[in-house]
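Read the structure below first, then the notes.
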Amino acid sequence: MKKYLSMLAIVFFSASLFAFSFPDPDAIDWNLSVEPLFGCKIGELGEYVYQQNCRYSDNKLSELNWDIKPAVYLGAKIAGGWKGIGLSTYVTGAIPKRSGIVMDSDWLNKQYANAENYLYKTNYSESDNYLESNWSWGIQGGYTFRPWYFFECTPFVAFDIDYKAFTAKDGYFWYAKTISGTNFYSRYDDSTNNKEGAFSEDNKGYTGVDIEYNRYTYLLWIGANLHFNIPYGIGFDIGFQIAPYLYSISRDNHVLTKSRYADIVRGSFEAYKWMAAVSYRFTKHILLSLGGEFFWAKTIQGDTYVSTNDGKTYDKNSTIKGGAGEYYFDAHLSLRYIFF
């Protein structure tokens with residue numbers, strides 16, 4: 001792992017030194033632009049529970065998949081700089097709306113010994129998912145060099161904060177009962193031996209709020225962006241960034257069971273983002289851009305805390321671990337006004 005991190009650091013800082021050796025000869029002393037933007041994200045946020053000291057190779061006890069389908073947002077970006085040095089910041093906020101479904105699955109038999117023949121899914125439910133809030137803020141600093149008139153490269157460092165809050169409502173479920181004469185649960189879809197909810201869109205198994213969930217994610221990035229100037233005012237950008245550090249805290253309130261959990265995960269080089277955009281410059285001051293990004297945070301395990309007093313305090317749980325992961329595709333349109 002240390003060798004891998006060292007290689008990444010060498011590549012990044014080598015690119016930075018190379019950048020400073022080829023400054024843009026046409027760069028003006030100062031530049032400033034503002035950029036309103038509109039976009040949407042489609043993807044999925046994953047929430048996980050793992051059994052500690054599990055007897056089996058797969059120790060996943062529970063998985064919740066929260067649809068991001070889609071998250072429509074508005075935002076703005078401000079960028080400025082001097083010579084090749086650039087600094088930018090952005091903020092976005094999503095419109096609260098229905099956002100697909102929440103799928104909740106459990107494998108409860110993994111808690112027990114001698115369950116080799118019972119490691120199937122025991123519980124399953126689906127609920128309507130509502131995106132209550134999603135905002136992001138970030139800042140980025142980099143240096144642009146231009147070895148050729150048609151090509152620019154910008155290595156950068158960035159920091160992002162992302163917040164998402166969901167509510168699961170009005171669902172249906174298949175919950176297993178224990179098999180007669182054993183401590184093990186039956187399969188979730190065994191209709192002869194489960195507590196079955198009304199699996200129908202018209203006749204819900206339960207109504208009202210089931211789960212409230214929110215997550216803060218903090219990301220420190222390093223990356224690079226490549227820009228190609230094509231004739232007739234057309235530009236093309238591609239970029240990649242990786243997170244040397246990720247910190248995430250998630251809070252989960254199961255309203256029906258009156259259970260509250262908090263998961264904290266940390267990771268190094270576990271999140272990635274790929275970017276591409278095409279732009280057209282109408283005038284010296286106005287540029288239209290259409291871009292896309294793919295974000296992927298690998299599933300990371302961390303600590304789970306449980307509250308027994310309505311979320312006032314949380315105690316660390318020593319028998320289970322929490323997990324968090326996420327991916328989404330982001331398409332956005334922006335109109336940049338370049339002051340100078």
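What you see below is based on every heavy atom in this structure, not just the backbone, and it leaves out hydrogens, waters and symmetry mates.
Aromatic ring orientation, W30 versus W82: tilted (interplanar angle from 30° to 60°). Taking the six-membered ring where tryptophan is involved, the planes of F173 and Y175 are tilted, since the angle between them lies from 30° to 60°.
Side-chain rings of F166 and W66 approach one another, their centers coming within less than 6.0 Å. For Y188 and Y124, the gap between ring centers is short of 6.0 Å. Taking the six-membered ring for Trp and the full ring otherwise, Y143 and F145 have centroids separated by 6.0 Å or more.
Judged by distance alone, the side chain of T89 and the main-chain N or O of G138 form a donor-acceptor pair under 3.5 Å. Checked by atom type and distance alone, the side chain of Q52 pairs as donor or acceptor with a backbone atom of S318 at under 3.5 Å. No donor-acceptor pair under 3.5 Å is formed between the side chain of D67 and the backbone N or O of K69. The backbone N or O of G292 sits nowhere less than 3.5 Å from a side-chain atom of D330 that would complete a donor-acceptor pair. Judged by distance alone, with hydrogens and angles left aside, the side-chain atoms of H285 form no donor-acceptor pair with the main-chain N or O of Y337 at under 3.5 Å. Of the possible donor and acceptor atoms, one in the side chain of R98 sits under 3.5 Å from a partner among the backbone N and O of G100. The backbone N or O of F340 lies less than 3.5 Å from no partner atom in the side chain of N31, so there is not a single donor-acceptor pair. Counting only distance, with no hydrogens or angles, the side chain of Q111 and the backbone of L108 share a donor-acceptor pair below 3.5 Å. Checking side-chain atoms of S125 against main-chain N and O of Y172 turns up no donor-acceptor pair under 3.5 Å. N59 contributes a side-chain N or O that, together with a main-chain N or O of Q51, makes up a donor-acceptor pair within less than 3.5 Å.
Under a hydrophobic-cluster definition in which Ile, Leu, Val, Met, Phe, Trp and Tyr are linked whenever side-chain heavy atoms come within less than 4.5 Å, directly or via other members, Y218 and Y305 are assigned to the same cluster. Hydrophobic clustering (side-chain heavy atoms under 4.5 Å, transitive across Ile, Leu, Val, Met, Phe, Trp, Tyr) keeps L131 apart from F38. Tracing side-chain contacts under 4.5 Å through hydrophobic residues (I, L, V, M, F, W, Y), one never reaches Y328 starting from I95; they form parts of separate clusters. Under a hydrophobic-cluster definition in which Ile, Leu, Val, Met, Phe, Trp and Tyr are linked whenever side-chain heavy atoms come within less than 4.5 Å, directly or via other members, W135 and Y247 are assigned to the same cluster. Under a hydrophobic clustering in which Ile, Leu, Val, Met, Phe, Trp and Tyr are joined whenever their side-chain heavy atoms come within less than 4.5 Å, directly or via other members, L290 and L288 fall into the same cluster.
Counting only N and O atoms by type, the side chains of S88 and Q140 include no donor and acceptor under 3.5 Å apart. Looking at Y163 and S136, their side chains never bring a donor and an acceptor atom within 3.5 Å of each other. Looking only at atom types and distance, the side chain of N229 has a donor-acceptor partner in the side chain of H227 under 3.5 Å away.
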Quiz item: After noting the C-alpha distance and the side-chain angles of K60 and V49, does the key distance pass the side-chain contact (heavy atoms from CB on, under 4.5 Å) rule?
Solution: CA-CA 6 Å; K60 183 169 62 178; V49 179; over 6 Å; no
Practice problem: Mind running salt bridge (charged side-chain N to carboxylate O under 4.0 Å, His left out) on D252 and R260 for me, showing each step along the way? | Solution: CA-CA 6 Å; D252 184 339; R260 292 177 181 267; over 6 Å; no
Practice problem: Go through the steps for E47 and R215 under the test salt bridge (charged side-chain N to carboxylate O under 4.0 Å, His left out), then give the verdict. | Solution: CA-CA 10 Å; E47 175 191 2; R215 179 184 295 177; over 6 Å; no
Practice problem: For the pair D210 and K169, evaluate salt bridge (charged side-chain N to carboxylate O under 4.0 Å, His left out) and give the outcome as yes or no after the intermediate values. | Solution: CA-CA 5 Å; D210 177 19; K169 302 178 183 178; over 6 Å; no
Quiz item: After noting the C-alpha distance and the side-chain angles of E212 and N214, does the key distance pass the side-chain hydrogen bond (donor to acceptor under 3.5 Å, both in side chains) rule?
Solution: CA-CA 7 Å; E212 298 170 331; N214 67 69; over 6 Å; no
Exercise. Applying side-chain contact (heavy atoms from CB on, under 4.5 Å), run through I300 and L246 and close with a yes or a no.
Key: CA-CA 10 Å; I300 309 170; L246 177 153; 4.0 Å; yes
Quiz prompt | CA sep, side-chain torsions, deciding dist, call: S289, S279, side-chain hydrogen bond (donor to acceptor under 3.5 Å, both in side chains) | solution = CA-CA 4 Å; S289 176; S279 60; 5.4 Å; no
Exercise. Please step through side-chain contact (heavy atoms from CB on, under 4.5 Å) for the pair R251 and N253, ending with a clear verdict.
Key: CA-CA 7 Å; R251 292 180 177 86; N253 176 25; over 6 Å; no
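Using a 4.5 Å heavy-atom threshold, the side chains of D160 and Y90 count as touching. Counting heavy atoms from C-beta on, the side chains of I211 and L64 come closer than 4.5 Å. Side-chain atoms of T122 and N109, non-hydrogen and from C-beta on, do get closer than 4.5 Å to each other. Within the 4.5 Å cutoff, the side chain of I286 has heavy atoms near those of the L335 side chain. Taking 4.5 Å as the limit, every side-chain heavy atom of T299 sits out of range of all side-chain heavy atoms of Q301. Contact check for K273 versus W221: side-chain heavy atoms found under the 4.5 Å cut-off. With a 4.5 Å cut-off on side-chain heavy atoms, Q241 and M275 count as touching. Side chains of Y185 and D106 form no contact here, defined as non-hydrogen atoms less than 4.5 Å apart.
Note that the CG atom of D162 and the CG atom of L219 stand 8.0 Å from one another [nearest 0.5 Å]. Distance check, rounded to the nearest 0.5 Å: CH2 of W107 to OH of Y56 gives 16.0 Å. Here the straight-line distance linking atom CD1 of I238 with atom CG of L226 works out to 5.0 Å at 0.5 Å rounding. I249 CD1 to Y216 OH: the interatomic distance, rounded to the nearest 0.5 Å, is 9.5 Å. Separating the CG atom in L32 from the CZ atom in F339 is a distance of 5.5 Å, to the nearest 0.5 Å. Atoms CZ and CD1, on R187 and I179 in that order, are 9.0 Å from each other to the nearest 0.5 Å.
Cation-pi check for K97 over Y130 is not met; the charged atom does not lie both under 6.0 angstrom from the ring centroid and within 45 degrees of its normal.
Nearest heavy-atom pair, Y50 versus G323, reported as atom, atom and distance to 0.1 Å: CE1-CA, 4.0 Å. Residues N114 and F184 approach most closely at O-CZ, 3.5 Å, considering heavy atoms. Closest of all the heavy-atom pairs between T313 and S307 is O-OG, 2.9 Å. Across all non-hydrogen atoms, the minimal contact from F156 to F240 is CZ-O, 4.4 Å. The minimum heavy-atom distance linking Y112 with A115 is given by the pair O-CB, 3.7 Å. Closest approach of L45 to I68, counting heavy atoms only: N-CD1, 4.2 Å.
The neighbour count for N183 CG, taken as heavy atoms of other residues, nucleotides or ligands under 6.0 Å away, does not exceed 12.
Among F295, F294, W296, the one residue that satisfies the side chain to side chain contact (heavy atoms under 4.5 Å, CB included) test with Y272 is W296. Put simply, the residue from N225, T144, D237 that forms a side-chain hydrogen bond (donor to acceptor under 3.5 Å, both in side chains) with T154 is T144.
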